[in-house]
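Just so you know, ligand 1 is whichever comes first in the structure, and atom 1 is the first atom listed for that ligand.
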Amino acid sequence: MADRRVIVKVPASTANLGPGFDTLGMALSLYAWIEMAVPADGETVIELLNEELDGIPRDKSNLIYKVAQRVFREAGADVPELYIAMYSDIPLTRGLGSSASAIVGALAAANALIGSPLNNDRLFQIATELEGHPDNAGASLFGGIVVTSWDGSRAEHIKLEPHPELDVLAAIPDFHLATEKARHALPAEIKLADAAFNVGNSSLLVAALAGGRLDLIRHAMRDRLHQPYRAPLIPGMAEILEGAVDHGALGAALSGAGPTLLALIECGSGRKRELERFLLDTLAREGIAAETLWLKPCASGTEITLLDRGEPTLTEWIKGEVRA
Ligand code: HSE
């Protein structure tokens with residue numbers, strides 16, 4: 001183990017997809033990379049390689065370090081000192097699953113470092129417990145579109161292959177929104193009619209995605225459990241969710257707890273620029289600057305590579321793959 005190095009590549013994810021609150025997730029073609037090794041000189045070193053990660057702890061209070069120790073404890077391994085490096089293209093606290101990708105990446109890297117004693121199902125259970133819901137973690141671990149459920153002790157999932165014609169437009173506002181704040185905006189109780197509306201739409205959405213019925217997405221992506229309550233936190237959101245289908249989208253949703261807004265569109269559509277303009281202009285009218293990213297659903301989940309000490313560093317490894 002002393003000579004083993006591990007690099008994991010983890011996709012970002014979008015949770016809920018509208019009606020599937022805390023249950024549906026989709027992996028996206030935007031990534032974080034984590035390297036883990038036993039340090040040559042015995043001291044823990046944590047290197048955060050890009051600006052997005054500034055402000056994250058570089059000592060043993062670091063989330064990746066703590067999650068790795070959780071794996072070692074469960075597997076009966078003793079690895080108190082670690083070399084950890086991370087590079088992430090996934091913006092933090094914007095609703096693109098950055099914390100789930102860090103947790104899943106840490107679990108996968110730590111497990112691989114000690115010879116993979118835990119299987120993927122076990123990693124999924126731990127990630128769900130740490131996150132409090134399985135949607136983002138399931139998507140980052142397994143890739144594709146994940147349909148999940150969690151009863152508080154066990155999480156189940158089925159992975160669907162994303163339709164090849166789906167493109168994803170993410171409009172990422174230039175402000176942070178903590179998941180905790182976005183969850184506080186939700187009521188403790190909801191009406192039976194709203195619950196029934198969401199059960200119907202979430203089921204329809206899964207069936208439409210599985211069966212290639214892209215025409216149904218516009219109806220099925222509607223939600224009454226969380227988006228209406230979160231809309232006041234993201235000026236322009238209600239108008240975007242309402243109007244995106246009139247500008248070429250198959251459907252639109254708040255990405256996870258937000259503030260990123262997400263629109264699905266057929267990859268051959270001639271209305272992509274129109275849709276992008278609509279999202280940016282609507283946010284700009286509310287005084288919100290945003291960055292747009294064109295992404296694809298990511299069919300594969302976390303990828304693990306075992307390396308020897310002399311092989312490329314993480315910075316060399318990811319060259320050409322990261323966003324400019
Ligand atoms: N399903 C979660 C939510 C995703 O909407 O709050 C964010 O962690």
Between R183 and ligand 1, which part of the residue brings a heavy atom under 4.0 Å of the ligand: side chain, backbone, both or neither?
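R183 to ligand 1: side-chain contact only, backbone stays beyond 4.0 Å.
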Where on T179 is there a heavy atom closer than 4.0 Å to ligand 1, on the side chain, on the backbone, on both, or on neither?
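T179 to ligand 1: side-chain contact only, backbone stays beyond 4.0 Å.
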H226: heavy atom below 4.0 Å from ligand 1, yes or no?
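Flag not set, H226 not near ligand 1.
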Say whether E180 and ligand 1 are in contact under the criterion: heavy-atom distance to a ligand atom below 4.0 Å.
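Under 4.0 Å: no for E180.
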What protein heavy atom sits nearest [atom], and how far away is it?
{"atom": "atom 8 (O) of ligand 1", "value": "H133 CE1, 2.9 Å"}
{"atom": "atom 4 (C) of ligand 1", "value": "N136 OD1, 3.6 Å"}
{"atom": "atom 2 (C) of ligand 1", "value": "D22 OD1, 3.2 Å"}

For residues 186-195, dump all side-chain donor-acceptor pairs below 3.5 Å to protein atoms at least two apart in sequence or in another chain.
none

Mark up the atoms of ligand 1 that fall under 4.0 Å of a heavy atom belonging to [X], in ascending order.
{"X": "R230", "result": "3 (C), 5 (O), 6 (O)"}
{"X": "N16", "result": "1 (N), 3 (C), 5 (O)"}
{"X": "F21", "result": "3 (C), 5 (O), 6 (O)"}

Can any side-chain N or O of E311 pair as donor or acceptor with the backbone N or O of W317 at less than 3.5 Å?
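No.
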Ignoring hydrogens and angles, tell me if any N or O in the side chain of R183 forms a donor-acceptor pair with the backbone of E180 under 3.5 Å.
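No.
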N-O pairing of R70 and E129 below 4.0 Å:
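Counted as a salt bridge, because a side-chain N and a carboxylate O are separated by less than 4.0 Å.
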Set of side-chain contact (heavy atoms from CB on, under 4.5 Å) partners for A112, sequence neighbours left out
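Only V6, S116, I304, L306 meet the side-chain contact (heavy atoms from CB on, under 4.5 Å) criterion with A112.
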Please work out whether the ring planes of H157 and F124 are parallel, tilted or perpendicular, with thresholds of 30° and 60°.
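Perpendicular: the ring planes of H157 and F124 meet at over 60°.
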Would you confirm whether the ring centroid of Y31 sits within less than 6.0 angstrom of the ring centroid of Y87?
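Not close enough - the centres of the two rings lie 6.0 Å or further apart.
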